[in-house]
Protein chains: 4
Amino acid sequence: MLLETKQKVLKANQLLPKYDLVKFTWGNVSQRDLDTNYIVIKPSGVNYEDLTIDHMVVLDLDGNIIEGKLNPSSDTKTHLEVYKAFPLVLGICHVHSTYATAYAQAGKPIRSLGTTHADYFYGDVMCVRVLTKEEIEEDYEKNTGKLIVESFKHKDILATPGILLQGHGVFTFGKSADESVHNAVVIEEVAKMNSITESINPDVKPIPQYLMDKHYLRKHGKNAYYGQGKKK
Amino acid sequence: MLLETKQKVLKANQLLPKYDLVKFTWGNVSQRDLDTNYIVIKPSGVNYEDLTIDHMVVLDLDGNIIEGKLNPSSDTKTHLEVYKAFPLVLGICHVHSTYATAYAQAGKPIRSLGTTHADYFYGDVMCVRVLTKEEIEEDYEKNTGKLIVESFKHKDILATPGILLQGHGVFTFGKSADESVHNAVVIEEVAKMNSITESINPDVKPIPQYLMDKHYLRKHGKNAYYGQGKKK
Amino acid sequence: MLLETKQKVLKANQLLPKYDLVKFTWGNVSQRDLDTNYIVIKPSGVNYEDLTIDHMVVLDLDGNIIEGKLNPSSDTKTHLEVYKAFPLVLGICHVHSTYATAYAQAGKPIRSLGTTHADYFYGDVMCVRVLTKEEIEEDYEKNTGKLIVESFKHKDILATPGILLQGHGVFTFGKSADESVHNAVVIEEVAKMNSITESINPDVKPIPQYLMDKHYLRKHGKNAYYGQGKKK
Amino acid sequence: MLLETKQKVLKANQLLPKYDLVKFTWGNVSQRDLDTNYIVIKPSGVNYEDLTIDHMVVLDLDGNIIEGKLNPSSDTKTHLEVYKAFPLVLGICHVHSTYATAYAQAGKPIRSLGTTHADYFYGDVMCVRVLTKEEIEEDYEKNTGKLIVESFKHKDILATPGILLQGHGVFTFGKSADESVHNAVVIEEVAKMNSITESINPDVKPIPQYLMDKHYLRKHGKNAYYGQGKKK
């Protein structure tokens with residue numbers, strides 16, 4: 001139900017300051033409504049503590065505003081490109097969290113250096129290139145979305161549900177707005193761990209594939225045995 | 001109205017501990033009152049939690065105290081020099097926040113390594129030299145102000161509204177006291193991101209000019225489309 | 001009494017977020033009940049704020065569930081191996097705290113660089129190898145426990161009550177669940193201090209043995225004179 | 001009055017967790033009572049949140065307990081040596097705060113890299129050597145005090161009111177218990193700033209002497225003009 005989706009998007013956006021992922025208005029979360037296939041997203045430039053359910057902006061996949069009086073997040077077109085390409089993605093989060101953004105600024109992936117990473121992300125979190133001047137001038141936010149889509153062409157976006165944009169920040173994905181925020185928390189923590197790890201041991205290598213398989217698969221997939229045997 | 005300006009300066013100073021920009025009394029914020037062209041500033045050495053509106057010190061641009069029983073911030077003359085030189089600057093904030101001060105101590109600028117920076121600062125945040133012995137002996141705080149003014153002679157101070165003073169701390173500027181504090185939060189966060197970025201990738205380069213243009217101009221200038229189409 | 005042990009395990013698990021040792025459900029604490037020799041442990045995947053005493057899972061040392069409707073922590077077999085091998089270990093804590101995990105990811109021990117370390121840990125905190133593919137396929141969690149047991153074969157586990165697992169995280173031990181959490185806090189803080197120390201001085205050496213002896217023995221052993229002359 | 005001094009020592013100790021200078025019971029503060037020349041100090045191993053005024057331990061300068069049922073801090077003899085040698089020192093604080101301890105572990109001084117330092121400390125904060133085995137065996141805490149006293153023989157302890165003990169932690173001094181804690185906060189913050197500064201610019205040099213003089217003397221000494229013209 002659309003009302004419920006709006007409520008969930010409101011709550012997911014309110015998690016951003018709670019988890020210390022944002023300063024001021026530096027992040028936005030959206031969710032796809034399964035009944036209507038509309039997207040609900042945060043309005044642009046509104047403080048999280050001021051947000052109400054009536055501020056939520058509802059759009060169709062072509063970007064037409066269906067409900068809401070405010071402008072949607074300036075990153076809306078990026079979200080829409082991802083939703084159009086990946087029907088299983090139901091939630092998207094974009095933030096400039098400190099450590100993940102540092103990796104994005106450094107132009108480096110977040111490598112699988114430990115099982116904390118492997119519990120959530122199957123393989124490295126990519127860092128993709130800066131758009132060209134032409135791509136930016138043509139349509140910055142839409143082309144950012146297209147680059148994300150292109151980058152996951154041969155990968156399972158929900159198995160490694162995050163991506164760094166060089167010189168910018170991070171996008172995370174999930175089966176709900178809440179799950180995309182959850183993944184943003186994980187990426188930020190893993191990025192922090194990795195920056196410390198690499199300063200302790202500059203030659204550190206990723207964990208072996210079989211250890212990653214073990215951790216990822218004990219939490220995900222049909223033989224998962226972490227948790228209480230039901231999907232969260 | 002002067003009373004309103006005092007209220008705003010009080011509130012802006014109270015934001016400094018809230019945003020974790022200061023220890024003890026290590027920072028001060030001022031605002032120009034448009035009706036009178038007076039400057040309202042924090043008194044020297046008073047804790048933020050003890051501040052009341054009656055503590056605010058009102059001065060004219062020559063430094064004569066118009067209202068208030070307490071000594072103004074010891075950095076007052078620095079503020080006054082900037083206000084005298086730049087009529088569009090209506091708020092000034094000075095802090096020793098951790099990461100911005102580390103860059104000042106290192107004698108290095110805060111480079112434009114990402115769009116978080118470009119959303120607020122058009123180009124690098126300069127780090128300017130230590131004053132000479134003669135300048136300090138003659139009038140330390142006034143000559144600090146003159147150095148800031150000189151450094152922005154050929155630049156738009158409100159387009160890159162911050163400056164590092166080598167071996168000291170940071171000054172930020174804005175169209176209000178509140179906006180100058182906002183910019184101090186941004187500089188501190190960007191300085192933190194950059195110090196991590198540079199430890200991950202010592203060879204990192206600033207983002208391309210066209211990406212900086214895009215981000216700065218989508219938030220600022222007449223074609224800005226970030227937010228809700230009104231000035232905050 | 002088993003009820004009391006369950007209460008203590010509940011409280012010890014609730015300390016994990018309080019001491020900032022975990023995100024989400026990334027940690028678990030257990031305690032041995034002295035009356036029954038049963039082990040009480042956190043259920044898998046339940047948030048700390050939702051935990052109640054009825055969620056606690058009671059098992060015998062062979063892993064048979066005696067009480068509780070939920071699945072025990074997925075790391076339960078690791079706990080059981082340690083309890084079986086070391087009768088004096090009465091509490092175990094496992095977390096992925098940021099700095100300790102960074103050392104684990106780096107594959108480096110936490111060295112005795114200061115008296116903060118020596119007040120609690122007599123000698124370096126080891127970092128042990130990643131399991132082989134065969135060990136993981138056979139029984140990951142049980143073989144992790146066996147590796148921990150093997151690593152302490154010629155050492156006093158309660159004199160250096162913690163161990164890093166390469167590419168994974170940290171396990172700490174104690175004479176109660178609470179003490180094992182206490183030791184996890186110490187390891188995290190010492191790991192943080194050490195990472196900063198090593199960045200300041202890459203050639204830093206451990207403190208001399210006689211200084212370690214002095215600090216460890218003034219807090220532990222029969223001639224201890226720290227505190228109020230009773231065991232905490 | 002002794003009662004008042006006990007109240008002040010209680011409050012000063014309670015500031016340690018408030019300012020994030022300690023974990024558990026890792027710090028202690030004392031003050032000299034001017035009426036009696038007795039020293040009031042925290043008891044050993046008692047949590048800060050449990051402390052009451054009746055827990056405070058009163059000793060004479062020879063270490064005889066005058067009032068109090070609990071054992072005094074295990075570092076008491078170190079405090080006493082400093083009080084005996086420097087009559088103007090009225091408050092002492094000892095902590096293992098993260099960044100100051102990292103410098104102590106690294107065996108490096110905290111250099112005067114900025115005016116934040118110079119506002120409180122006139123010159124570098126020394127890091128003094130580890131005691132010899134013989135000194136530790138004879139009387140660890142007393143000889144630690146003697147080393148501190150010796151190190152300040154030709155310096156003004158209240159002009160640079162702090163010292164690092166290699167491989168251990170930091171002691172700070174003041175004209176009251178509260179002022180010694182204040183100085184511990186400053187040292188911790190300056191140590192943090194310096195560790196970041198040195199990672200940004202490994203070749204950074206201390207600020208010029210004339211800048212240090214200016215900042216130190218505008219806050220201290222008879223021509224000071226910071227604050228409201230009365231001693232805090």
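Every chain is numbered from 1 and lettered A, B, ... according to where its sequence line falls, protein lines coming before strand lines.
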Would you find more than 12 non-hydrogen atoms of other residues, nucleotides or ligands less than 6.0 Å from [X] atom [atom1]?
X: A:Phe121; atom1: CZ; answer: yes
X: B:Lys8; atom1: NZ; answer: no
X: A:Tyr38; atom1: OH; answer: no

In plain terms, say whether A:Asp75 and B:Arg218 are close enough for a salt bridge, that is, a side-chain N and a carboxylate O under 4.0 Å apart.
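B:Arg218 and A:Asp75: salt-bridged.
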Would A:Phe24 and B:Tyr19 count as a ring-ring contact (aromatic ring centres under 6.0 Å, His included) here? Give the steps.
CA-CA 11 Å; A:Phe24 303 117; B:Tyr19 285 129; 5.6 Å; yes
Side chain, backbone, both or neither of A:Pro43 within contact of chain B (heavy atoms, under 4.5 Å)
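Contact with chain B involves both backbone and side-chain atoms of A:Pro43.
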Top of A:Lys192, A:Glu141, A:Glu198 for chain B proximity - count of heavy-atom pairs under 4.5 angstrom:
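The candidate making the most pairs under 4.5 Å is A:Glu141.
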Based on non-hydrogen pairs under 4.5 Å, which of A:Gly45, A:Gly107, A:Ala106 is most in contact with chain B?
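It is A:Ala106.
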Consider only side-chain N and O atoms of A:Ser73 and B:Tyr226, and report whether a donor and an acceptor are under 3.5 Å apart.
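No.
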B:Tyr210 side chain to A:Glu135 side chain, donor-acceptor N/O pair below 3.5 angstrom:
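Their side chains do not contain a donor-acceptor pair, so the 3.5 Å distance test is not met.
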Using heavy-atom distances under 4.5 Å, tell me whether B:His117 contacts chain A through its side chain, its backbone, both, or neither.
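Nothing of B:His117, per the 4.5 Å heavy-atom cut-off to chain A.
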Rounded distance [0.5 Å steps], CE in B:Met193 versus OG1 in A:Thr98:
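Taking CE in B:Met193 and OG1 in A:Thr98, the distance rounds to 5.0 Å.
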Whether B:Gln228 side chain and A:Val46 backbone form a donor-acceptor pair below 3.5 Å:
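A pair under 3.5 Å: no.
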